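What follows is a single structure, written as structure tokens, with notes after it.
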Amino acid sequence: MEQLLRAELRTATLRAFGSPGAGCISEGRAYDTDAGPVFVKVNRRTQARQMFEGEMASLEALQTTGLVRVPRPIKVIDLPGGGAAFVMEHLKMRSLSRAFVLLVVISWCSGGLSSFLSQASKLGDQMADLHLYNQKLRDKSKAEENTVGRRAEGAEPQYVTKFGFHTVTCCGFIPQVNEWQDDWPTFFARHRLQAQLDLIEKDYADREARELWSQLQVKIPDLFCGLEIVPALLHGDLWSGNVAEDDSGPVIYDPASFYGHSEFELAIALMFGGFPRSFFTAYHRKIPKAPGFDRRLLLYQLFNYLNHWNHFGQGYRSPSLGTMRKLLK
């Protein structure tokens with residue numbers, strides 16, 4: 001492995017530091033190199049290259065906006081015998097998760113907790129700016145249509161008119177189809193919910209899930225009546241385990257990006273530990289809740305429960321079916 005990294009990164013120096021990390025999906029290790037410290041994620045699955053190429057494209061898209069801090073992606077490398085490695089910038093990150101807060105509240109002074117809440121608020125502010133980024137490109141494009149001497153095409157980022165992404169991304173290890181669609185409810189029902197339920201049907205043949213979905217899918221368009229949805233660039237998996245901070249502020253990582261409805265991002269941000277209230281307060285100052293927000297949040301949480309069912313098994317069956325029942329009331 002180290003010989004391969006030396007060759008691919010063209011570095012004489014390759015010195016591991018810190019402790020190896022093992023997440024739910026991939027393993028990771030930090031190294032010093034001639035060009036500075038890097039972090040290397042390793043996955044032995046057959047679809048690892050696809051996973052990492054989607055993550056790399058996501059990081060590039062997020063980084064291009066200049067609105068959120070992400071590790072700079074460097075390279076995806078095929079491994080002998082199968083799998084791949086993903087090399088990115090190493091950042092000295094500290095946890096921003098709620099579990100971390102529960103530990104530090106005991107020992108920190110009030111100033112430490114205040115600093116944490118400030119970082120969470122800053123992240124909420126940044127995520128709102130990210131979600132408004134494409135809308136601002138649209139508004140600028142419209143304003144320039146009748147302006148003499150406007151910039152030439154391609155001179156700056158262009159407004160994205162559809163929902164999807166230019167490549168496959170993976171939420172966990174499951175590939176997500178991101179074929180461009182004009183209509184958000186169609187995209188979400190087909191490429192997110194239906195795709196997850198197809199996997200559940202294949203692996204579990206769950207009759208109740210099948211019956212509930214047959215009733216729910218026809219009601220989905222009603223949740224979006226009267227709502228204008230501008231495609232927003234999303235992180236795509238913004239739970240508390242995928243955010244951190246360094247000395248310059250919040251950092252987000254492990255994205256599964258695509259252009260979708262901004263509200264989708266907030267569903268998992270409220271699940272599995274969640275973010276503090278200061279995050280949502282800052283976010284909604286810039287993007288207020290639209291009518292029907294809470295019902296749509298349930299719909300978006302359903303995707304995350306189904307995704308966890310497909311990743312981690314039957315323990316997520318009950319919340320998945322329970323959420324479908326709530327949406328049918």
Side-chain angles (χ1 to χ4, degrees), residues 127-128 130-135 138-139 159-166 168-169 171 174-202 206-238 256-271 280 283-284 287-310 316-329:
M127 293 308 299
L130 175 68
H131 292 167
L132 291 170
Y133 177 74
N134 193 50
Q135 181 177 318
R138 179 198 64 175
D139 296 344
Y159 168 56
V160 175
T161 62
K162 298 177 184 286
F163 301 95
F165 203 53
H166 63 277
V168 170
T169 53
C171 192
I174 295 175
Q176 298 185 125
V177 173
N178 288 321
E179 292 175 358
W180 297 103
Q181 295 280 337
D182 293 312
D183 177 66
W184 167 250
T186 299
F187 176 92
F188 181 69
R190 180 181 301 168
H191 295 322
R192 293 299 180 264
L193 293 181
Q194 184 67 66
Q196 292 287 336
L197 284 153
D198 285 346
L199 291 174
I200 286 166
E201 176 66 21
K202 174 177 175 287
D206 192 291
R207 180 179 176 180
E208 189 171 2
R210 191 185 315 128
E211 291 175 350
L212 288 169
W213 175 236
S214 69
Q215 298 172 56
L216 177 60
Q217 60 183 325
V218 297
K219 296 181 177 294
I220 288 176
D222 296 340
L223 297 173
F224 297 91
C225 284
L227 196 66
E228 181 193 17
I229 302 175
V230 178
L233 178 60
L234 307 179
H235 173 282
D237 192 18
L238 195 74
S257 292
F258 63 99
Y259 283 85
H261 187 195
S262 57
E263 291 177 358
F264 173 87
E265 196 95 281
L266 301 184
I268 198 167
L270 283 163
M271 302 166 72
F280 297 98
Y283 181 92
H284 287 303
I287 305 180
K289 294 180 182 180
F293 174 88
D294 291 333
R295 294 284 289 174
R296 288 189 299 276
L297 201 67
L298 269 181
L299 185 70
Y300 296 144
Q301 288 180 335
L302 173 60
F303 164 79
N304 290 292
Y305 284 131
L306 292 170
N307 189 46
H308 276 65
W309 186 354
N310 279 314
Y316 288 94
R317 179 181 186 271
S318 179
S320 297
L321 301 189
T323 302
M324 283 197 269
R325 291 189 205 100
K326 287 179 185 177
L327 286 162
L328 287 169
K329 287 182 180 178

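Bear in mind that the values here come from a model prediction, so they are computed numbers and not experimental data.
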Report summary line: Scanning both residues in full, the closest heavy-atom pair of Ala267 with Met271 reads O-CG, 3.2 Å
Query raised in the report: Okay, side chain of Asp206, backbone of Ile200: is any donor-acceptor separation there less than 3.5 Å?
Result: no
Report task. Give the intermediate values and the outcome of side-chain contact (heavy atoms from CB on, under 4.5 Å) for residues Glu201 and Trp213. Result -> CA-CA 11 Å; Glu201 176 66 21; Trp213 175 236; over 6 Å; no
Query - Minimum side-chain heavy-atom gap Gln181-Arg190 below 4.5 Å - result: yes
Report task. Run the numbers on Arg295 and Leu299 for side-chain contact (heavy atoms from CB on, under 4.5 Å), then give the verdict. Result -> CA-CA 7 Å; Arg295 294 284 289 174; Leu299 185 70; over 6 Å; no
Report task. Measure across Trp180 and His166 and return the closest heavy-atom pair with its distance rounded to 0.1 Å. Result -> CZ2-N, 3.6 Å
Report summary line: OG1 of Thr169 to CD1 of Ile174, rounded to nearest 0.5 Å, is 12.0 Å
Query - Heavy-atom side-chain proximity of Leu266 to Met127 below 4.5 angstrom - result: no
Report task. Output yes when a side-chain donor or acceptor of Asn134 lies under 3.5 Å from a complementary backbone atom of Pro231, and no otherwise. Result -> yes
Query raised in the report: Between Pro175 and Val168, which heavy-atom pair has the shortest distance, and what is it?
Result: CB-CG1, 3.9 Å
Report task. Over 60° means perpendicular and under 30° means parallel, so classify the ring planes of Tyr300 and His261, tilted if in between. Result -> perpendicular
Report summary line: Looking only at heavy atoms, the pair that brings Glu265 and Gly236 closest together is OE1-N, 2.8 Å
Query raised in the report: So how far is it from Leu199 CG to Trp309 CH2, rounded to the nearest 0.5 Å?
Result: 11.5 Å
Report task. Taking Arg296 for its side chain and Phe264 for its backbone only, find out whether a donor-acceptor pair lies under 3.5 Å. Result -> no
Query raised in the report: Considering only heavy atoms from C-beta outward, does the side chain of Phe293 approach that of His284 to under 4.5 Å?
Result: yes
**Report entry** Leu212 side, atom CG; Leu302 side, atom CG - distance, nearest 0.5 Å
**Finding:** 10.0 Å
Query raised in the report: Distance under 6.0 Å and angle within 45° of the ring axis: does Arg192 meet both against Phe258?
Result: yes
**Report entry** Steps toward side-chain contact (heavy atoms from CB on, under 4.5 Å) verdict (Gln135, Asp139)
**Finding:** CA-CA 6 Å; Gln135 181 177 318; Asp139 296 344; 4.0 Å; yes
Query raised in the report: Is there a donor-acceptor pair under 3.5 Å between the side chain of Gln301 and the backbone N or O of Ile268?
Result: no
Query raised in the report: Mind checking whether Arg317 and Glu208 have side chains closer than 4.5 Å, heavy atoms only?
Result: yes
**Report entry** Interatomic spacing from CG in Leu132 to CZ in Arg138 - rounded to 0.5 Å
**Finding:** 10.5 Å
Query - Derivation and outcome, side-chain contact (heavy atoms from CB on, under 4.5 Å), residues Gln196 and Asn310 - result: CA-CA 7 Å; Gln196 292 287 336; Asn310 279 314; 2.7 Å; yes
Query raised in the report: Does the side chain of Leu297 come within less than 4.5 Å of Glu263's, by heavy atoms?
Result: no
Requested in this report: Please name the pair of heavy atoms, one in Gln217 and one in Pro221, separated by the smallest distance, quoted to 0.1 Å.
Outcome: O-CD, 3.8 Å
Query - Distance flag, aromatic centroids of Phe188 and Phe163, threshold under 6.0 Å - result: no
Report task. Identify the two heavy atoms, one from Leu306 and one from Ser320, that lie closest to each other, and give their separation to 0.1 Å. Result -> N-OG, 3.6 Å
Report task. State, yes or no, whether a side-chain contact exists between Leu223 and Lys219 at a heavy-atom distance under 4.5 Å. Result -> no
Query raised in the report: Measuring from Leu270:CG to Asn304:CG, what's the distance to the nearest 0.5 Å?
Result: 10.5 Å
Query raised in the report: Is the Phe187 ring parallel, tilted or perpendicular to the His191 ring (thresholds 30°, 60°)?
Result: perpendicular
Query raised in the report: Taking side chain as C-beta onward, heavy atoms only, is Phe165 less than 4.5 Å from Leu233?
Result: yes
